[in-house]
Number of protein chains: 2
Amino acid sequence: MKEARYRQIYQLLKSRIQKDQYSVGTLLPSENELCRDFSITRTTARKALDMLDREGYIKRTRGRRSQVIERRHSLGLLSVKGFSEAAGTHVETIMLAGPELASWPTGMVFPPEETELSRPAIFFSRLRKLDGQVVMHESNWFSSIGFEHFTGQQFIDGSFFKTLSQRHLIEITGSTQELHAILARGEVARLLRISEGAPVLQICIKFSTSRPGLNIYSRLYCNTETYPIGNTYVH
Amino acid sequence: MKEARYRQIYQLLKSRIQKDQYSVGTLLPSENELCRDFSITRTTARKALDMLDREGYIKRTRGRRSQVIERRHSLGLLSVKGFSEAAGTHVETIMLAGPELASWPTGMVFPPEETELSRPAIFFSRLRKLDGQVVMHESNWFSSIGFEHFTGQQFIDGSFFKTLSQRHLIEITGSTQELHAILARGEVARLLRISEGAPVLQICIKFSTSRPGLNIYSRLYCNTETYPIGNTYVH
DNA sequence: TAGTGGTCTAGACCACGGT
DNA sequence: CCGTGGTCTAGACCACTAG
């Protein structure tokens, strides 16, 4: 059972995009060029391009070659409203810890698999500020299996997901989230700089990835008073 | 500029599924039968089926005809954890009001368009209970334009979205949500049967639909103490 | 074994973009 | 105008399902 030809072409083009060999704005080879280069017919070439299009890597226009675009992240994720959109607001990320090796926390909402727990976790936490106000505290864990040189690294453009994609060719394939409205106590109140008993939103997320056995576990505390949490989904 | 043949076939098959002419479990005509019936080639028939597959209307298996399946609604929506999944828990929906004509509320998070506001809203509200406990209060508004006989109707299987789809062939095409953690006050506390000052999750949603100019506006208050809000997204 | 869906070839015509 | 992507035809071979 060998992999379909159009899937191979798709994988090849995708990895080139991920590795920035085709950077945003680049025009891909035309369908006819792909046919010649890989000895395939247009049907096969188009199937590969169709997948890249559907997954948001390229934009296709009649009469024009396919163009690499900024990948949309409508992964059902929630994000602080105004984080990457609002021009004019001042965004700041403060790395509190890591990425570093750490023991797994106990009592996680989504319990990791045995294999994940067999090695220490890679952990990092950060604060997110908008216009000087702390709006979110974020903690992240994932198994160190297969990540020998991850700790201490700087993220590409400050983005963890971009780093995963470009340096390790790992994509987020899905997510499960759980939301609780709770009252801020102790450390949470202190980190978010709000009073004890203020309402905050706790979000626990399990991201699944394209690497089998690898999941990312996140726990967020959000002050939604000024900046609500939002997301948009486009079919 | 006429519509592509494969799109016509796709629309036809989809409407048959929506209208329950092909109900869940039904095997669709085979690709070769579609070719004969509509005088097309397999490439064209397959493109229509591919779309139905991607949008979650059918499941395709090699050696077997395509089968109509229960449509997955991973629309980035949030839902009370355990609402449709948890076997054993007792789910109850209490209609509090409507569907009935009402004036539009003021101060909505997502302001409706002028055309929507030019006619009164259709409004309905309900309480959701799990195991006898009230976990959510839900209010919904949408413009009465084009809905002359909607008020007073019973929903199909108690589902508003199913009713929209089957009776009016309207699908949800996207959603934008905004979340706030707030403290329950007055009516909200009373409806959810919790004490004043308890933390609750407020969710405001704007659903866009396949009918131009029609949006559904919802406001939810959730008691997340026992049952968190969750969602899963699969790429 | 017959029928089915998954893949692929080798053409064709059209609408649209940029030159 | 040429090259591009969008659509479609008419075949072919294979792997799988089900009787």
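In what follows, chains carry the letters A, B, and so on, assigned in the order in which the sequence lines appear, proteins first and then strands, with residues in each chain numbered from 1.
The shortest distance between the side-chain N/O atoms of B:Y6 and the OP1/OP2 oxygens of D:dC8 is not below 4.0 Å. Close to D:dT9, at under 4.0 Å from its OP1 or OP2, lies a side-chain N or O of B:T44. Close to D:dC8, at under 4.0 Å from its OP1 or OP2, lies no side-chain N or O of B:K47.
Taking atom CZ on B:R46 and atom P on D:dT7, their separation rounds to 16 Å, with Å as the unit. Atoms CD (A:E33) and C1' (D:dC2) sit 14 Å apart, rounded to a whole Å. If you measure from atom NZ of B:K59 to atom P of C:dG6, you get 11 Å, rounded to the nearest angstrom. Residue A:E31 contributes atom CD, which lies 14 Å from atom C1' of C:dC16 at whole-angstrom precision. Distance CD (B:Q67) to P (C:dG5): 12 Å, rounded to an integer number of Å. Rounded to an integer number of Å, the gap from A:R62 CZ to C:dC13 P is 17 Å. What separates CG of B:L34 from P of C:dG5 is a distance of 8 Å, to the nearest Å. Whole-Å rounding puts the A:R65 CZ to C:dT19 P distance at 12 Å.
Between B:L169 and B:K19, the closest side-chain pair of non-hydrogen atoms falls below 4.5 Å. Side-chain contact check for A:Q154 versus A:M95: every heavy-atom pair is 4.5 Å or farther apart.
Between A:E31 and the options A:R65, A:R60, A:R64, a salt bridge (Lys or Arg N to Asp or Glu O under 4.0 Å) holds for only A:R60.
Heavy atoms of A:R5 sit under 4.0 angstrom from primed sugar atoms or phosphate atoms, though from no base atom. Using a 4.0 Å heavy-atom distance criterion, A:S30 is classed as a sugar-phosphate-only contact. Contact annotation for A:I40: backbone-only contact, meaning every heavy-atom pair under 4.0 Å involves sugar-phosphate atoms and none involves a base.
Among the nucleotides D:dT9, C:dT9, C:dG5, the one closest to the side chain of B:R60 is C:dG5.
Both distances falling under 3.5 Å, in either a Watson-Crick or a G-U wobble arrangement, occur for no nucleotide opposite D:dG19.
In this structure, B:R211 is positioned above the aromatic face of B:F147, its NZ or CZ under 6.0 Å from the six-membered ring centre and within 45° of the axis.
Between A:R42 and A:S39, the residue anchored nearer the 5' end of DNA chain C, judged by the nucleotide with its closest heavy atom, is A:S39. Toward the 5′ end of DNA chain D lies the nearest nucleotide of A:R64, the other residue of the pair A:R64 and B:A4 mapping further downstream.
The six-membered or imidazole ring of B:F150 lies near that of B:F142, with a centre-to-centre distance under 6.0 Å.
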